[in-house]
Every structure is written in structure tokens, then in C-alpha cells.
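Here's the structure, in C-alpha cells; my notes come after.
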Amino acid sequence: MPDKIDHLLEDVETFPPSAEFVAASPVPADLYERAEADRLGFWADQARELHWHTPFTETLDWSGAPIARWFGDGELNVAYNCVDRHVAAGNGDRIAIHWEGEPGDTRTITYADLLGEVKRAANMLESLGVTAGDVVAIYLPMIPETVIAMLACARIGAVHSVIFGGFSADSIRQRVEDASAKLVITSDGSIRKGKVLALKNTVDEALSKGAASVKHVLVVKRADNEVALQKGRDLWWHDEIAQVSDEHVAKPFPSEHPLFILYTSGTTGKPKGLLHTSGGYLTQTAYTHRVAFDLRPEEDVFWCSADVGWVTGHSYLVYGPLANGATQVMYEGTPDTPDLGRWFKIIQDYKVTIFYTAPTAIRSYMKAGRQIPAKYDLSSLRVLGSVGEPINPEAWLWYREVIGGGRTPIVDTWWQTETGAHMIAPIPSQVALKPGAAQRPIPGIVVEVVDDDGNRVDPGQMGLLTICEPWPSMARGIYGDPERFADTYWSRFPGVYFAGDGAGVDRDGELWLLGRVDDVMNVSGHRLSTTEIESSLVDHEFVAEAAVVGAKDETTGQAVVAFVVLKRSKSEEAAAVDTPQVLRRHVADDIGAFARPREVYLVDELPKTRSGKIMRRLLRDAADGKQIGDTATLTDASVMATIQAGMTSGA
Ligand code: ATP
Ligand code: MG
């Protein structure tokens with residue numbers, strides 16, 4: 001019955017690593033044992049993989065909980081760790097970034113090139129009066145200058161606040177004011193689907209209504225778009241950087257020096273600006289990037305498709321890969337320009353070996369069909385990763401078979417803006433993988449799934465995910481609002497971090513993420529997981545993507561309502577039958593009659609955040625016939641209008 005997740009107690013097919021994969025893995029075989037034997041010593045060892053100007057003697061100070069101090073008496077420079085030390089080690093010729101613009105223009109940037117650029121950018125920021133502790137807002141597209149600007153801030157101890165390039169003037173103003181940013185770095189435009197988005201105009205609009213802290217706006221030329229420069233305030237990046245020296249010495253900063261502020265995706269409500277600091281954050285991003293992706297920096301070509309405006313872009317496009325001296329791809333544009341084969345062409349052209357993306361992308365390729373990836377040579381791939389939402393088992397299997405040629409491990413990584421880096425993810429050389437599960441905390445992390453009273457749940461029960469011990473890359477609070485941090489994450493169970501996500505443990509003791517606690521449905525007094533019912537729907541051959549919500553219901557309290565996107569290749573078959581009825585029955589057969597959706601709506605698209613996550617709270621409003629809530633972080637507001645029109649017409 002509900003509250004119980006039956007499939008957690010059933011047999012599932014697992015995918016152990018091949019003997020070759022295990023033999024070639026650079027990840028130490030005793031990682032789990034070492035972390036278990038001496039957790040803090042283990043983290044200190046990971047931290048010592050970095051370059052410390054002043055070595056630390058203290059690993060963790062938790063006396064100021066919930067604000068941790070990690071490696072507190074050590075000093076380092078984050079940018080030095082991401083760039084200088086690789087050049088000093090003789091790897092200056094290694095490619096750091098293969099950049100590809102949406103129109104097809106490219107730039108190849110070695111670590112030596114990157115070092116020169118970061119030093120000059122650091123000098124430029126200093127020449128504009130930016131000093132350690134100042135906040136710099138970055139509103140840029142996916143271009144190399146974005147990475148250079150972030151590293152230049154880190155190098156001089158300034159705090160960056162990257163604002164995703166799709167946000168409106170109001171969102172920018174709020175974020176600039178929230179942190180009293182002194183400088184905004186933007187560009188003349190961003191190229192998306194062949195069109196130019198005038199980023200600088202949006203910044204002008206944002207600054208016209210407040211944001212008095214801003215002294216200068218630096219403008220990178222990218223799109224050859226005309227912009228108006230306000231005298232005394234606005235400057236071209238290329239003019240300023242041409243005037244400064246390319247010598248710059250990286251000074252050490254304390255381990256707890258702030259590195260950046262970043263807002264969450266806003267899936268459940270108003271975004272929170274989380275503060276991250278230096279030593280612990282860099283330790284855990286570098287370590288997880290090595291072990292979760294089985295990284296071999298000399299050989300691999302890594303590609304994380306996330307936008308740098310989200311935490312995934314911060315941790316696995318900037319800090320993790322660069323701290324590890326990896327070679328990576330950075331792509332400016334959309335996956336469907338000029339056509340849906342673009343990403344696969346990039347994998348083929350750069351011989352990408354490790355690819356990290358989100359379930360939303362995988363499901364959109366499932367919707368479009370496997371004939372698209374089939375046109376490309378994807379044989380260079382050896383590890384695939386997933387992040388952002390639960391990956392339905394069917395999507396996991398599709399990803400492995402169609403993109404990974406039936407050969408690559410799929411590493412599902414659970415983490416949050418708040419956690420800074422991976423928390424739950426299987427190490428692919430050491431764990432037999434289970435489709436749809438993130439499985440185990442990474443070595444060094446301690447989690448527990450508990451009931452409402454904080455007691456550990458039995459296998460097969462749905463519970464709440466908590467993190468029991470502090471970890472190096474944990475946020476050091478919500479910027480400017482310490483109480484909200486303590487209330488939101490640390491008050492439900494004293495001394496323990498409450499992630500806001502539901503989870504279950506299977507009969508092997510492994511973890512499954514079951515969706516957000518806010519989205520859990522309560523039907524006739526029983527709690528049902530959104531993820532479980534959505535995965536059952538996606539398991540049907542017609543379905544590419546599904547979202548379920550609990551709508552108000554007079555008899556059962558809440559009832560399951562499903563919104564379903566069909567695969568294109570199945571549209572004729574689906575049209576020939578009563579598909580909603582077929583899907584309702586499918587869920588009832590698969591999970592049980594209690595989970596049968598009251599309604600199934602067929603829709604063309606689901607409402608998503610700009611980071612690609614399904615916004616169930618809006619669908620819940622629609623299902624309840626209520627006014628739709630805050631849509632500020634929605635990609636396309638018209639999606640909800642279309643869905644609502646379809647619902648009233650009975651489609
Ligand atoms: P907000 O906190 O503003 O509602 P958000 O939670 O979407 O936004 P992020 O920090 O980008 O902001 O996302 C973290 C959340 O994403 C997690 O709490 C979880 O719900 C979901 N998530 C991320 N990775 C996974 C994964 N591998 N499996 C399941 N869920 C995941
Ligand atoms: Mg969240």
C-alpha cells in the first residue's frame with residue numbers, strides 16, 4: 001500500500017562495471033573504507049590535493065553550527081588552484097576549454113592562455129576599484145569571458161554573483177540589490193537560436209530603477225549588437241583589458257573567504273541566495289568531479305551541458321574541472337540549433353568522453369526519437385552523468401543504450417545549490433548501477449532517510465532525506481538572512497540538515513530519490529511519491545515525459561492528476577486508442593489502484609524552470625482551477641496558458 005514503495009523491495013536489473021573499466025579506473029579502490037574509518041581525516045586528505053599557501057591544521061570547526069568552518073586556519077587562492085598550478089606543473093599546453101559558439105565559431109583555450117586572461121582580468125577588476133569582499137554581478141552568456149570573469153573575481157577575493165542570462169530586469173535588480181554589487185559584467189548580447197538577446201539593455205533597465213551600489217558596467221563584445229554606453233559608468237571589456245598588465249600575483253585568502261553567492265532554481269518558490277566559501281567548496285567539487293566521473297585529466301574530454309548560471313555550471317563547468325586540470329567543452333547555444341543533432345555533433349567533433357546533463361534533456365530526446373543520436377559517432381563516450389531531477393528508470397536505460405551505446409555507466413548525482421557539490425552518487429568503478437537510483441552517499445558524506453519523527457525508515461518506506469554530518473562544500477548561509485538558513489534547513493530535525501526531498505531505501509540499503517517533499521501527494525491519508533508514478537507513466541511505450549500532482553479532491557483529500565507528453569514516434573498509435581484511459585490503467589496495474597490518476601491530460605510541453613526542472617506547483621494550481629502562482633523563473637509562460645486551455649476544452 002501507499003507510503004510504501006513496492007519496487008524498492010523488488011528485484012531490479014543492475015549494471016556492474018566491466019572488468020576493463022575497473023582495471024583502468026584512477027579512483028582508489030578503498031575510498032569507501034577510508035572515509036568510513038576516519039571521515040574528517042579523509043576530507044583533510046582530499047583538501048590536501050589542492051595547493052595551500054598556508055597549510056591548515058584544523059579540519060572542521062562546527063561550534064558555530066549551522067555555519068561550518070572547514071580547513072579554517074588554512075589559506076589558498078581558488079584561481080591559483082584552477083589555473084596557475086597546472087601551468088606550474090608543466091601542463092600549460094593542455095587545453096582547458098574547447099569553446100563552441102552557437103553560430104559555429106570556436107576558440108581553443110589552453111591552461112597557459114587561461115592564465116594570461118585571468119591575470120589580465122584580475123588587474124582590470126582591480127583597476128576599476130574592486131577589492132576583496134566586493135560583490136560582482138555577472139550577467140553573461142556561455143562564453144569564455146564568463147569563466148575568466150569568475151576566476152578573476154576569485155583571484156582577487158571578490159565575490160561573484162552569476163545571474164542566469166535568461167533572467168529579466170527585475171530579477172537582475174533584485175539580485176544586484178540583495179548583495180549590493182559594485183560592478184556588473186554583461187555583454188552586448190547573447191546568441192540564442194540564431195537571434196540576439198540584448199543583455200546590456202536588460203541590465204540598463206535593471207539599473208535604471210535602483211541598484212545604486214553599482215559603480216561600473218563592463219560590457220563584453222559578443223554579438224555585434226549596438227549598445228548605448230552610459231558615460232562614466234559603462235566600459236568595454238576589450239578596451240579596459242588592453243590597458244592592464246598580464247602580470248598578477250595570486251594572493252592567499254583564508255579558507256572561509258566568500259567565493260560566490262548563487263540563487264537556487266526557484267522550483268518551489270522564491271529563490272534563495274546561497275553563500276559559498278573557498279577551501280571546502282573547492283575541495284569537494286574537485287574531489288567529486290574526480291571520483292563520480294572516473295576522471296583521467298590527461299585523456300578525458302569532459303562536457304557538462306549546464307548553464308554557468310546554475311550551481312551545476314559553477315561546480316562542474318568552472319571549479320571542479322579546472323581544479324582538476326581537465327579538458328572540457330563549453331557550448332554557447334541551444335541543443336536544437338540548427339537542429340536536434342547539435343549536441344551529438346559536438347560529442348562527435350570533440351570526442352567527448354564524459355558527458356553530464358539533465359533528465360529533461362534526455363526525455364526531450366526520447367520524445368524526438370533515437371534516429372537523431374543514431375546519426376552521430378558517439379563511441380568516444382565512456383561515462384554519462386545525470387543531475388537536476390530524479391531520472392526515471394526508463395530514461396536511464398534509454399540514456400545508457402542510445403547515447404552510451406549500451407556500454408557506459410550512468411551516474412545519477414543528487415545534490416543542491418545548498419550542498420555545493422555531489423552528495424549522493426554511485427562511484428561507477430565500484431558500484432553495480434541501478435537504473436533510476438542515486439544509490440549511495442559519496443565517501444565522506446553521511447545521510448539518513450527518516451520518518452516525521454526523525455526515526456530511520458525501514459527499507460521500502462518513503463521518508464525524508466537528511467544529512468547527518470557537516471560536509472566541506474555546504475553553503476555558509478543564505479546571503480543577508482542567517483535566520484532563514486537555520487529555519488529552512490536546520491529546524492525540522494535539530495542538528496541535522498533537512499534537504500526538502502523525499503527518499504527511500506531499497507532492500508540492499510541503497511537510496512532512491514522520490515521527489516520534493518512539497519510535491520508528495522496525500523491520497524486517502526496515504527503519501528504517494530510523484531517520482532514513482534511519473535516513472536510508471538514514462539515506462540509506458542507512448543510516454544516521453546510526465547508530471548503528476550495531487551489535486552484537491554472531496555472524497556480522497558487529494559487525487560493524482562497527470563500531465564503527459566507523448567513520444568513523437570508513437571503519436572499515431574496513441575491517437576487510435578483512448579490514451580488517457582490506457583495510461584490510467586497502466587499505472588493501476590503497475591503500482592496499484594490507489595495510484596491510478598483521476599485525470600490524465602496529454603500536453604505538448606510541461607512547465608519548466610529555466611534550469612529545466614518541472615514546476616509541479618503550477619500544475620497543481622491548474623489542477624485545482626486556481627490562479628497560477630509565481631512564474632518568474634518559468635522558461636516560457638505561455639506553456640501554462642496552453643495547458644489550461646487544453647484542460648478546459650477537455651483534451
Ligand atoms: P528551489 O530550492 O528554489 O525550489 P531547486 O531546488 O530546483 O529550487 P537547485 O538547488 O538547482 O534548486 O536544485 C536542487 C534540487 O533538485 C534537489 O533538492 C532535488 O529536488 C533536485 N535534484 C537534483 N539532482 C537530483 C537527482 N539526481 N535526483 C533527484 N532529484 C534531484
Ligand atoms: Mg531547492
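Whatever order the structure lists them in is the order used to number ligands and atoms, beginning at 1. Quick note: numbers below take in every heavy atom, side chains included, and nothing from hydrogens, waters or symmetry partners.
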>> At under 4.0 Å between heavy atoms, is it the side chain or the backbone of Leu513 that contacts ligand 1, or both, or neither?
In response: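 The answer is the side chain of Leu513.
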> Where does Thr413 meet ligand 1, judged by heavy-atom distances below 4.0 Å: at the side chain, the backbone, both, or neither?
Replying inline: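 For Thr413, the contact with ligand 1 is made by the backbone alone.
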> Has Asp636 got more than 12 heavy atoms of other residues, nucleotides or ligands less than 6.0 Å from its CG?
Replying inline: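 Yes, CG of Asp636 has more than 12 neighbouring heavy atoms, counting only those of other groups under 6.0 Å.
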Between [options], flag the one that comes closest to [atom] by a heavy atom.
atom: atom 2 (O) of ligand 1; options: Lys613, Lys272, Arg617; result: Lys272
atom: atom 23 (C) of ligand 1; options: Ala425, Gly388, Pro390; result: Gly388
atom: atom 18 (O) of ligand 1; options: Glu418, Gln416, Met423; result: Gln416
atom: atom 10 (O) of ligand 1; options: Asp519, Val517, Thr488, Thr417; result: Thr417

Do [Y] and [X] meet the salt-bridge criterion of a basic N to acidic O distance under 4.0 Å?
X: Arg616; Y: Asp518; value: no
X: Lys434; Y: Asp506; value: yes
X: Arg492; Y: Asp452; value: yes

>> Assess the residue pair Lys613 and Glu389 against the criterion (salt bridge (charged side-chain N to carboxylate O under 4.0 Å, His left out)); give the C-alpha distance rounded to whole Å, side-chain angles, the decisive distance to 0.1 Å, and a yes or no.
In response: CA-CA 7 Å; Lys613 300 178 201 221; Glu389 289 183 292; over 6 Å; no
Within-shell test, [X] vs ligand 1, heavy atom, strictly < 4.0 Å:
X: Ser611; value: no
X: Val311; value: no
X: Gly500; value: no
X: Trp415; value: yes

> Looking at CD1 of Ile467 and OG1 of Thr419, how far apart are the two atoms once the value is rounded to the nearest 0.5 Å?
Replying inline: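 The OG1 atom of Thr419 is 6.5 Å from CD1 of Ile467, to the nearest 0.5 Å.
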>> Classify the ring geometry of Trp303 against Phe355: parallel below 30°, tilted from 30° to 60°, perpendicular beyond 60°.
In response: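 Plane angle between 30° and 60°, so tilted.
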Should you measure from each heavy atom of [X], which atoms of ligand 1 turn up under 4.0 Å away?
X: Glu389; value: 22 (N), 23 (C), 24 (N), 25 (C), 26 (C), 27 (N), 28 (N), 29 (C), 30 (N), 31 (C)
X: Asp501; value: 17 (C), 18 (O), 19 (C), 20 (O)
X: Arg516; value: 4 (O), 5 (P), 6 (O), 7 (O), 15 (C), 16 (O), 20 (O), 21 (C)

> Which of these passes ring pair (Phe, Tyr, Trp, His ring centres under 6.0 Å) with His422: Phe293, Trp414, Trp471?
Replying inline: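 It is Phe293; the other options fail the test.
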